[in-house]
Structure formats: C-alpha cells, structure tokens
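Remarks on the structure that follows.
The figures that follow rest on heavy atoms only: side chains count, while hydrogens, waters and symmetry mates do not. Along the sequence shown, the residues carry numbers beginning at 1. None of the values given here were measured: they were computed from a predicted structure.
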Amino acid sequence: AIKMRTILCAGLMASFWRLATAGIAGAIVIVLGNHWRLVLHHVRDLRTNDLSLPPHPLSTFRHGHRTNIDASGRYHRSTRSNTTDAKPNHDASYIVSPICGGCFRSRSNGKHCAEIVSARQKKDHSSLSDAATIVGKENQDCNICDIDYCLASHFKDEKHSDQSALKKYQTKYWRFDQSTPKFTNPTSLTLTSIPSELRIPSSRFQDVGVYFQEKHNVTKSGMDFFVEYNPGLVAIPSKMEQNLPEEAVYLLSLRVTSANNCFPTSTYADLPKEVWNAVYITDTNHLGLVLLDDKYQMIPGYDVVIDAGEQLGLKTPFEGPSFMDYRLFVLNDEIYLHANADTVVVTKMSLRAKGFGNPAAGVKVAAPSNIERLDQPYNLKNLYGGDNLQVTLMHQFNTIWSGNVYGKNYALFNLPNKTHPDAPGPIYAEIDITPHHKVQQILPEEYDQLQKKTIFERIWKIGTKKKRRADIDLVNMRAVKEVGNVTESEDAPLPSFSTVDEHWFPGADAPFKEAGHGGACCVSFSVDELNLGGSKNNHHESLLVGIAHTKVSWKPWYSKKKVPRERKDRVPHTHYVSYIYAFDPYPPFQIRARSGYFCLGHVPLATDNKLPPTEGGIFNPHSVLTRNRMLQQNKITFDCPQVHYISAYIEKAGDPSKTIIGYGLNDCTGRLVEVEKREIVRLLYPDPMDMNFDVT
C-alpha cells in the first residue's frame, strides 16, 4: 500500500509539473504574441507596403525633408541641409508610425496615455493603432491618440480628415540632428588673449590623461591650461557706443576654465581621484570678454580674460569655482552680467575702450573686507589681453533666490513700461520653463541683507558637511529684491513635431527630463513675424521666444552592477537636446507653442589649422575634440556633440528678421549661428506635411 501511494504521488507530481510547464509556455507565447503585435502595428517599414518587424530601429528611418520616389520605388536622400560642413548623415531623417505624435507624451490624471493605450491593446487583442484611436475617442486627455482628432488638429482643410484618406498619413518622428533649425554664418569662437602655452598642445591629445597627471604633479591643485566655451552675447547698448570703437556691435562672453569634457569619458574615468578633482572641481573659472563686429568677427586687441572671483574677494583656494557660465543680458539699455554660483547672481556692468569716451570712474577697493558692501563702481583688472578694454562692475553681485529655491541658468528679460514708455520697464527672471512656466519679477540692483544662518539653511543638504564658504556667502546674503510672487502658467502645449525618443521610449520611459531649463531668452516676435514661415496665420499678439534645454539625468541605477549594460547603453545619461518655446509677453507668461527636440552640430574640421570658407571666426584647436563625445540614444549616434548648451539667443543688430544663437560644445569650444525668424516660426508652427506627416 505504501509503495502504491508513493507511485501515485510521483505520477501526480509529474502531471502537475507537465501542466505547469505547459501553462508557463502558453503564457510566454501570449506575451510574445502581444509584443510582436505591438511592434508590428507601431512601426511600418516603408520600403514595403506590409507590416513587418524591423531588424534594426534604423530600418524605418526615412529621408526627409521631402522624399521623392523614383521608378524603382526607392527613396531619394533629402535635399534638406544646413550650411555646415559636417560629415554627411548616411542615416535617414525620421521614423514613421501610425501612432500620432504626442500620443505617447500625453497624460490623463497623472497616467501616461501610452500606458492606457497599451492596456487597451492587450485587453482587446487589437493593433496598437486601433487601441490608440479607441482610447483617444474615449479619453479627452488622450484625444491626440485618435487619428481623426490628430489630423483635424493639424490640417485646416477638410480633405485631409476625410476617412478615405486616413491610411495615407503616418507621423514623422525626427532624428535630433535632422530637426535642427536651418542656419547661416556659423562662427567659431577663440580668445586670442589666452597665451598659447596655456592651451592643451595638440601633440598631447592622444595621451591627455598623462598630460593631466603631469600638470597636477606641478601645480598640486588646479590645471594651468584653459578652454573657452558657453558664449553669452548682447548687442552693444546705444548709450555705450561712444565709449567703444565704431565697428563694435556685440559684446561676447565666454567661460574660461580648465574644467572640460573635450575627451572621451574613459579618459576622465581612468584619472586618479585627485587629478580628476583638479580638472573638474577647479577654482579657475575666469570671465572672457571680447568685442565683435557686425560679422561676428573679433576686433583685434579687444578680447580679455578676467579673474572676477579673485578680485571681488569671492575665491577660496581648493574650494571649487566661485562662478560658472557667465552670461550677458541687455535690460533697459544696460548690460547685466549673470553667473551661476550657489544659485544665480547678477550685477550691472559698463565698458570703455582705451582712448574712447570719458575715463570710467571706477573705485579701487584695497581689501576684500571692503567688498562685502561694495555698492559703487569697481574697475576690474584684465588677467590677459592688455588694457584696451576696461570693464567696470557697477556694484557687487546680488543673488536671485527665486522664492528661496536653489536654481541655475535663469534667463533675464524686461518688458516695456506701459504707463511711461520712455522709462525703464519691469525686469523678470525665468525660473522654470516647462511643464509650467515660472517667472519672478526682480529689482536686480536692489537687495535685502540676509543672515548667514539663512544661507546655510537654504543651501545645506542632509548628509553633507555642516559648513559654508564664507567668501561666496558675501554675495549669497545680498538677496535681490522681488516684486510679488513667482507666477506660474498652465501646462505647456505638446511639441509642434515629434522626435525619435517618443517612438523608442513611450510614456514613463521618456529619457529626457520633462522639466526644461534655460537656455537663452528672449527675442520678441511681432504679429507679422509670427504670421510668416509657419502654418498658423491668425496670430493677433506678439510673443517672446526663447530656447531651452533638457537632458537625460543620471539616476542611481546607472551605478548598479546588476543593471544590464545594455539598458545603460540604450539611455546614456548627461546627453542634451534643445527646443524652442514661445510665450505671452505678460504674466503669467503662458507658453503658447514649443518645438520638438533638436541638437546643434560640430564645427567643421579644419585643414592646416584653417577653417573652411563656410565657417567664420578663428580656428580653435580644441574644436576637433568635440567629436570624442557624440549625442546618443537607443544605441544610435547623432551628428552632434553629447552636450550642446545654448547660452545666448538675441535678435541680430540692424536686422530684426534674423536671430543669433550662441552655444557651447561639450564644455570645450563655443560657436555662433544665425537663424531667420521665419525659420523659428516654421518649427513652432510647422506645415503638417513638412514636419508632422508622411504620405504612404
């Protein structure tokens, strides 16, 4: 009996495991089937008319801007190009999908529409596009997922929303390097005032890690070489013209430092900790200034490098930088100098060229102890570049606390005075851009004196040492006076066109932070200018336009060994993209339009240290290094640096139909490009058949 029970139990156990194995196998088949269905219906390989699983994401890229088909049915390469000499892009311009752009970036009650669509698709065993249409019709927050609504929202005439034509339209998901604004007059930036011995020799590019180590062995702290990047740019105010050479049209600023990302990530990762700290956490962050003519060319003899932190008594050795990323703004016909410190600091400045105008009435301050209450003009000494250009700070830096919240990269702008047109208008600091536009009115030359304890409470982070830097706190305690509270707009609209990140990483998997940051702002676009170059021609109010950036943020799982390398490689962190946005020129500064993401490219390669005719400016020996780090996502490499940081955006002097963008490349070099306003409008309000849809 015992033997029979043993045999019976063994048989039952074997039957159980056979059933369990079959059940698991069936579940796997169902999951794989649903995944296969999702892929089939999300992506159409346009080289055929059949749905198929693409062997590689690029198999569904198509060449844009406008694609022509020859007799063989092959697609021609796009004729769309920028006036740059970057190497040809052998990949196509965009992916196409039946899922409407914006569907997988929308939300309903905090839940991503992509998640809702996926659940509906699994429930109904339908195609993803059918599920999207159903969800769009049933859920108003996800209505962009409905192909009927999608087409109607983009096209004004009825023929494109005719049900018989719906299958013709596929959404374009653009590559970041193919959605770039078309530009002209690219100009490389190089400070000739930096001595050649203070640049990294090109002969050491291949063993730069050893070079860094050698430098550290000599200095034992920082690095005695410089790179210059992240340009700020303003047109010279009319009141300063008499004090400068006649050909001076613009003032350019650059961050001058040894902190850089010119070389591959592995170069820095292999450095000893003390050498890495000497490169990155350096207290050498100088201000570079130069006068430019109307062609963005540097005027010889008028570029200087200034150690502002040292002269203002705000620099402590081995404590890291006092200031980073200097930027310039013209507010009420005055130049303001802006920098990132513990938070954003700002002061007013004046310029005078030697032999022009009246001598500046700067006051020399003998000892740092006097600088705490520096409320009078102060002449800065030039570290390099001679004394042809005299820079005067009108007072010590004041700090923008933006409602007691730590921040950086605030763009500054001012509006006209409504009641007294000839009087100064209100000045604003742009705190956050998207999803809610947050703006604070400020009085940058007035401040409230805070206590050191207050600074500590605002800045100290749990888990860090309980100490403060007494030097920079002299500025932190000078809190810029605020007018009213921070204004906050409603949600920004969806991007005007879609990019590949939405296609590859729907919903919560979006790699780039939703919160956009400055960036550069602001250029005024009149009603007439907004009605040129785009699909929308019923503007009745002017708008202010800026350019923001976002990035893939580092997260703790990047450092965990158990996370597969493949996952980390698909979404590499600290990779940047930009977008254009337009908003009302009055509180609460509601954002009315924003473009999809794009990136800006490299300086073309030089021959014998000479730039090609298409590139203006002066050859920068570091420009070749920006190709060491390329923008990547989903294991696809784009023809842009990993980090392009737009730090200036202004209207061109003497030609209001054009704008100028200034940007840094991989914390290594800087560049200016010129973009027509109608091109900006084209990306904010695109023709649907230009940026949104393809016909199959």
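- Applying the side chain to side chain donor-acceptor pair (under 3.5 Å) rule to Lys354 yields the partners Asp387; only residues at least two apart in sequence or on another chain are considered.
- Atom CE of Met349 is separated from atom CG of Leu337 by 5.5 Å, given to the nearest 0.5 angstrom.
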Please determine whether side-chain hydrogen bond (donor to acceptor under 3.5 Å, both in side chains) holds for the pair Asn261 and Tyr280, giving the CA-CA distance in whole Å, both sets of side-chain angles, and the decisive distance to 0.1 Å. CA-CA 9 Å; Asn261 282 305; Tyr280 277 109; 2.5 Å; yes
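- The distance between the ring centers of His549 and Tyr645 falls below 6.0 angstrom.
- Between Ser623 and Val603, the shortest heavy-atom contact is CB-CB, 4.0 Å.
- When all heavy atoms are compared, the tightest approach of Pro231 to Gly664 is CD-N, 3.8 Å.
- The environment of Lys568 atom NZ is dense: over 12 non-hydrogen atoms of other residues, nucleotides or ligands sit within 6.0 angstrom.
- Note that the NZ atom of Lys348 and the CG atom of Asn398 stand 11.5 Å from one another [nearest 0.5 Å].
- Between Ile455 and Met477, the closest side-chain pair of non-hydrogen atoms falls below 4.5 Å.
- If you check the side chains of Thr347 and Tyr336, you find no donor sitting under 3.5 Å from an acceptor.
- Just one residue in the list Trp276, Phe225, Phe205 forms a ring-ring contact (aromatic ring centres under 6.0 Å, His included) with Phe212, and that residue is Phe225.
- Under the ring pair (Phe, Tyr, Trp, His ring centres under 6.0 Å) criterion, Phe512 pairs with Phe176, Tyr597, not counting sequence neighbours.
- Ion pair Lys452/Asp473 not flagged as a salt bridge, since none of the NZ, NE, NH1 or NH2 atoms sits closer than 4.0 Å to an Asp/Glu carboxylate oxygen.
- A donor-acceptor contact shorter than 3.5 Å is absent between the side chain of Asp177 and the backbone of Cys640.
- Using a distance-only test at 3.5 Å, with no hydrogens or angles considered, a donor-acceptor pair links the side chain of Thr343 to the main chain of Gly407.
- In this structure, Arg175 contributes its side chain and Val500 its backbone to no donor-acceptor pair below 3.5 Å.
- With Leu189 as reference, Leu672 is the one residue of Val290, Asn230, Leu672 to meet the side chain to side chain contact (heavy atoms under 4.5 Å, CB included) rule.
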Apply side-chain hydrogen bond (donor to acceptor under 3.5 Å, both in side chains) to Thr550 and Tyr576, showing your working. CA-CA 6 Å; Thr550 184; Tyr576 283 59; over 6 Å; no
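- Looking at residues two or more places apart in sequence or on another chain, you find a salt bridge (Lys or Arg N to Asp or Glu O under 4.0 Å) between Arg199 and Glu228.
- Considering only heavy atoms from C-beta on, His602 stays 4.5 Å or farther from Arg671 through its side chain.
- Annotation for Val304 and Gly386: closest pair CG1-O, 4.2 Å, computed over non-hydrogen atoms.
- Ring planes of His573 and Tyr558: perpendicular class, angle over 60° (limits at 30 and 60°).
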Mind running side-chain contact (heavy atoms from CB on, under 4.5 Å) on Ser188 and Ile618 for me, showing each step along the way? CA-CA 6 Å; Ser188 294; Ile618 301 172; over 6 Å; no
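- Sequence neighbours left out, the pairs with a member in residues 293-304 that pass side-chain hydrogen bond (donor to acceptor under 3.5 Å, both in side chains) are Thr192-Asp303, Ser193-Asp303, Tyr296-Glu674.
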side-chain contact (heavy atoms from CB on, under 4.5 Å) assessment of Val344 paired with Thr399: CA-CA 6 Å; Val344 176; Thr399 299; over 6 Å; no
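- Taken from CG in Asn620 to CG in Leu665, the straight-line distance is 10.0 Å, to the nearest 0.5 Å.
- Residues Tyr649 and Cys521 fail the side-chain proximity criterion, which asks for heavy atoms closer than 4.5 Å.
- A distance of 8.0 Å separates CD of Gln633 from CH2 of Trp504, quoted to the nearest 0.5 Å.
- Looking at Arg629 and Asn666, their side chains never bring a donor and an acceptor atom within 3.5 Å of each other.
- Tyr663 places a side-chain N or O within donor-acceptor distance of the main-chain N or O of Gly601, the cut-off being under 3.5 Å.
- Taking a 6.0 Å sphere around CD of Gln206, one finds it holds 12 or fewer heavy atoms contributed by other residues, nucleotides or ligands.
- Side chains of Leu312 and Leu393 form a contact here, defined as non-hydrogen atoms less than 4.5 Å apart.
- Evaluation of the side chain to side chain donor-acceptor pair (under 3.5 Å) rule for Asn217 yields Gln213 as partners, not counting sequence neighbours.
- Formation of a donor-acceptor pair under 3.5 Å by the Thr282 side chain with backbone atoms of Val279 is not found in this model.
- A cation-pi geometry, defined here as NZ or CZ lying under 6.0 Å from the six-membered ring centre and within 45° of its normal, does not hold between Arg204 and Tyr211.
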Run the salt bridge (charged side-chain N to carboxylate O under 4.0 Å, His left out) check on Asp608 and Lys610 step by step: do they pass? CA-CA 5 Å; Asp608 297 328; Lys610 292 183 179 180; over 6 Å; no
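- Contact of the Asp325 side chain with the His338 side chain is not registered, since no non-hydrogen atoms from C-beta on lie closer than 4.5 Å.
- Considering all non-hydrogen atoms of both residues, Gly313 and Asp471 come closest at O-CB, 3.9 Å.
- From Leu412, atom CG reaches atom CZ of Arg327 across 8.0 Å, with rounding to the nearest 0.5 Å.
- The shortest distance between side-chain heavy atoms of Leu314 and Gln396 falls below 4.5 Å.
- A ring-centre distance under 6.0 Å is not found for His286 and Tyr384.
- Without hydrogens or angle criteria, Asn628 side chain to Leu625 main chain gives a donor-acceptor distance under 3.5 Å.
- Checked by atom type and distance alone, the side chain of Thr257 pairs as donor or acceptor with a backbone atom of Thr284 at under 3.5 Å.
- For Ile650, the side chain to side chain contact (heavy atoms under 4.5 Å, CB included) test picks out Leu233, Tyr250, Ile660, with sequence neighbours left out.
- Shown are Gln632, Lys635, Gln642; of these, the side chain to side chain contact (heavy atoms under 4.5 Å, CB included) with Pro572 is made only by Gln632.
- In this structure, the side chains of His575 and Val643 stay at 4.5 Å or more apart for every pair of heavy atoms.
- Taking the ring centre of Trp557 as origin, the terminal cationic atom of Arg567 falls inside the region bounded by 6.0 Å and 45° from the ring axis.
- A distance-only check finds no donor-acceptor pair linking the side chain of Ser258 to the backbone of Phe226 [under 3.5 Å].
- Panel note: side chain Thr187, backbone Gly616; no donor-acceptor pair is recorded below 3.5 Å.
- Phe598 and His644 have tilted rings, their planes meeting at an angle from 30° to 60° on a 0 to 90° scale.
- For the atom pair CD1 (Ile306) and CD (Gln311), the distance works out to 7.0 Å, reported to the nearest 0.5 Å.
- In this structure, Val249 and Leu292 have side chains that are not in contact, with every pair of non-hydrogen atoms separated by 4.5 Å or more.
- Under the 3.5 Å distance criterion, the side-chain polar atoms of Asn260 are matched with a main-chain donor or acceptor of Cys262.
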